[in-house]
Amino acid sequence: MHRVLNVAEKNDAAKSLARLLSKNSASMREGFSKFNKIYEFNYQLFNQPVQMTFTSVSGHIMNCDFTSAHNSWAQVDPVVLFDAPIQKKVTDRATDIEKTLKREVARCQTLIIWTDCDREGENIGYEIIDLCQAVKPGIKVYRARFSEITYSSAARALSNLIQPDRRISAAVDVRQELDLRIGAAFTRFQTLRLQRLFGFDSKQVISYGSCQFPTLGFIVERYLQRENFIREPFWKIAVEHQTESGEFCEFTWERVRLFEHQPCLMIYDMIMDEPLAKVMDIKSKNKSKWRPAALDTVEMEKLASRKLRMTGKKTMEVAEKLYMKGLISYPRTETNIFPNEINLNPLIQNQVGDQRWGAFAQRVLNDGPHPRNGKNSDKAHPPIHPTRYPDGQLTEDENKLYELVVRHFLACVSKDAQGDETTIKIEIANEKFNASGLIIREKNYLEVYIYDKWSEKSLPLYDLNQTFYPTKIEMVQGETTPPQLLTEADLIALMEKHGIGTDATHAEHIAKIQERVYTKMNSERRFEPEKLGLGLCEGYDKMGHALSKPFLRAELESQLKAICEGTAQPAAVLREQIDKYRQVFIVTAAQIQKLDDAMTKYFGAPGQNPPPPPPPPRPPSSGPFGDRTNRNQPPNGRANAPQNRQPQASRVPNNNNNPPFRPQQQQQPTRPARPLQQEQIRPTNSSGIPKCNCNTDAKELTVKKDGPNRGRSFFRCGNNDNCNFFAWKDESTTTATTTFQTGGNTYRQGGNHQSTSSRKRRSSDNDEDGKQRKCGLCKETGHTRRNCPSLNSFL
DNA sequence: GCAAGGTC
């Protein structure tokens, strides 16, 4: 009988495919590898009965590496590694699999490749083909193209067998070779040099990799953004209202905030002139909070990191265990769409006995499952979902992750939460303020998905056109705050966005750079760079090759795509990339002083370090490193990190519990009392530097932000983040800070503004002596404060 | 002793 050898990427796939195609009649026997079984059954193929033999590999079975001639770190100049011969051979741990394949193919006339239908899968397919053709050169080879492991998909693949795609596989060969050459050359070079100069332990490898360095780069970039962040003051107007029945409502300013003190004060002033609020608009609408989309690997890692405080690496280890126990589906998937072939009902039914979510699962069954799908499919695996209910004990971590997968799954197939959102718009002296409230009508998925919160907020009832006096109107000073260090979830999201690593490897790269002591997770579970990571990034950044940036990898990725599509030749891409990196390497070696300098900042000057512990065999110190000619001086310097603006208001405390105004009868609204004011003249030292609120010399800074005040100098407290002192330099000679008391509020404003005159309300356009009135803001005539052009120019 | 990619 015609025998067909079918090889899948992993045992699980081979087992499922055989079970489906044989309608559960496949027999199983052992191969040489205890993890990769052999499944057999008869099938009708090519219009004839055939015997199908299904077996598997475990991912790649081959690895490429240099030959032994280039193994010595001490004797081989790393630059040689860009051209040294590379061989691809079966890894030690895959020799059993190789034996199985060779034995089985000898009995077969046809080989069908069932590896995952992605780039790596195509390459693994050729590893299998190469092994099998070595034994049986004339064997017919086909590729099964399938999108899910279901009967219909597998049967369709068999009736539409295609040829494997050499180009896709070649793209992976190019990637492998480049990763190896670049990684090995830079790793050996920097490890040996830094060990020698800075006394690192001989066991401490200082690796370079095309994924690990950009990952480190993200961490360092954020760290530096934070370090170099210049806080900028802003001002805003906050309005509160407590109704007579005691209900409370907070209104936010439609302008959000202003980065100029003066115009904010002007507006505040106008509001205080006529502080009567009028309700302009009330809207109510349905609001949904969406249930989560089907779970893929990256989302699972991010969720577990945020909600379970489990690292990506740990999450994948635990997920792997759950998968091996048959409790969840395959955990490495980019798919967040449930295929139609999957019958969700039995999967939900498995959960109805659980005390925590059984009742919810039953309700989902009653309503019918409606999965919320994302947009990605790797055409190989379904979204991560529970496959059965545990019948034995799980470890604590397994329990936590299983619970997350189940709750996510049940949430995904249930219904969105429903609520009513009310928005109220008010105006005070033409300035607009909003408040919004939320009533949750149906919790739906939120009942099972304890990881999402949706808070209710009730609002007092207002009528359209109603007027009222707010109980509090404050001008509040805030300050932009630096961006936070990256969490693991942030980092994974950045890696995904820039195409660094794959869903299966994100966590490994993050673990790797911690193992290398380039970075660590701090007590807030955010990544901060270690001295070594900072030194490396800074040194390479100074050379200008962007080795710690994601762009080089992204460029390679686009060329690999071109190879897959047939628009680029693998050999040409390989040559171009090797030439480019060889050149980068040579220039790096020539400028290595820049790396040394950066490292010196963190580890002291070379030679002043404690000697390395036991003297291991060292490379000759007169090695080839550091004495190359600089043939291609790259552009120097890095772009300034953009400053994220993250506002955070720091309220000036209200020292008086009594609200400044009491709401009055609407028919006869009573104007609230004018604020009292109280000026404090600040002392300055002999250089004209004012004292801040902590009574130390303030620090002079300059506005960097684009805008009317760019380049203008101001003073802030130099040593205390909680000291809210602020003063413009050009206004600080007489009055730096003014504190006003408004009924019950205290607020502080910087600058020598037109405090007294502008804050007196006038009853007519002309002064008592008949002269035409000047604008209270700019002192010009011909307009009032409300249409003052200088105010408008600020806004 | 080096990379990144599969998977057990």
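Labels below follow one simple rule: chain letters A, B, ... track the order of the sequence lines, proteins then strands, and each chain is numbered from 1.
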Checklist entry - Taking for each residue the nucleotide of DNA chain B bearing the nearest heavy atom, is the 5' side occupied by A:Ile97 or by A:Ile182? => result A:Ile182
Checklist entry - Of A:Thr505 and A:Ala184, whose closest DNA chain B nucleotide lies nearer the 5' terminus? => result A:Ala184
Next on the checklist: Tell me the interatomic distance from A:Leu322, atom CG, to B:dC8, atom C1', rounded to whole angstroms.
Outcome noted: 15 Å
Checklist outcome for this item: What one should report as the nearest heavy-atom pair of A:Leu401 and A:Ala304 is CD1-CB, 4.2 Å
Item to check | Under 3.5 Å side-chain donor-acceptor pair for A:Glu104 and A:Thr55 | outcome: no
Checklist entry - How many Å lie between CG on A:Asp96 and C1' on B:dC8, as a whole number? => result 12 Å
Next on the checklist: Mind checking if A:Asn123 touches a base, just sugar-phosphate, or nothing, with heavy atoms under 4.0 Å?
Outcome noted: nothing
Next on the checklist: Looking at every heavy atom in both A:Gln176 and A:His60, which two are closest together, and how far apart are they?
Outcome noted: NE2-CE1, 3.6 Å
Next on the checklist: In whole Å, I'd like the distance from the CG atom of A:Leu178 to the C1' atom of B:dA4.
Outcome noted: 12 Å
Checklist entry - Looking only at side-chain N and O atoms, does A:Arg516 come under 4.0 Å of OP1 or OP2 in B:dA3? => result yes
Checklist entry - Does B:dA3 have A:Tyr208 stacked on its base, where the ring centres are within less than 5.5 Å and the planes differ by under 30°? => result no
Checklist entry - Could you give the CD1-to-P distance, from A:Ile124 to B:dT7, as a whole number of Å? => result 7 Å
Checklist entry - Given atom CG of A:Asp173 and atom P of B:dA4, what is their separation to the nearest angstrom? => result 18 Å
Next on the checklist: If you count heavy atoms of other groups shown closer than 6.0 angstrom to NZ of A:Lys580, is the number above 12?
Outcome noted: yes
Checklist entry - Hey, can you pull the residues of residues 388-395 of chain A with a non-hydrogen atom under 4.0 angstrom from DNA chain B? => result none
Item to check | Over 12 non-hydrogen atoms of neighbours within 6.0 angstrom of CD in A:Glu396 | outcome: no
Checklist entry - Is the closest side-chain donor-acceptor distance between A:Glu122 and A:Ser169 under 3.5 Å? => result no
Checklist entry - Can you list the steps and then say if A:Phe527 with A:Phe218 is a ring pair (Phe, Tyr, Trp, His ring centres under 6.0 Å)? => result CA-CA 10 Å; A:Phe527 284 101; A:Phe218 292 134; over 10 Å; no
Next on the checklist: Whether the side chain of A:Asp65 and the base of B:dC2 hold a donor-acceptor pair under 3.5 Å is what I'd like checked.
Outcome noted: yes
Item to check | Atom-pair distance (CD1 on A:Ile86; C1' on B:dA4), nearest Å | outcome: 13 Å
Item to check | Nearest-angstrom distance from the residue atom NZ of A:Lys512 to P of B:dG1 | outcome: 13 Å
Item to check | From B:dA3, B:dT7, B:dG1, nucleotide with atom closest to A:Trp73 side chain | outcome: B:dG1
Next on the checklist: Using a distance-only criterion (donor-acceptor N/O pair, under 3.5 Å, no hydrogens), is the base of B:dC8 paired with the side chain of A:Ser58?
Outcome noted: yes
Checklist entry - B:dG6 C1' sits how many Å from A:Met62 CE, rounded? => result 14 Å
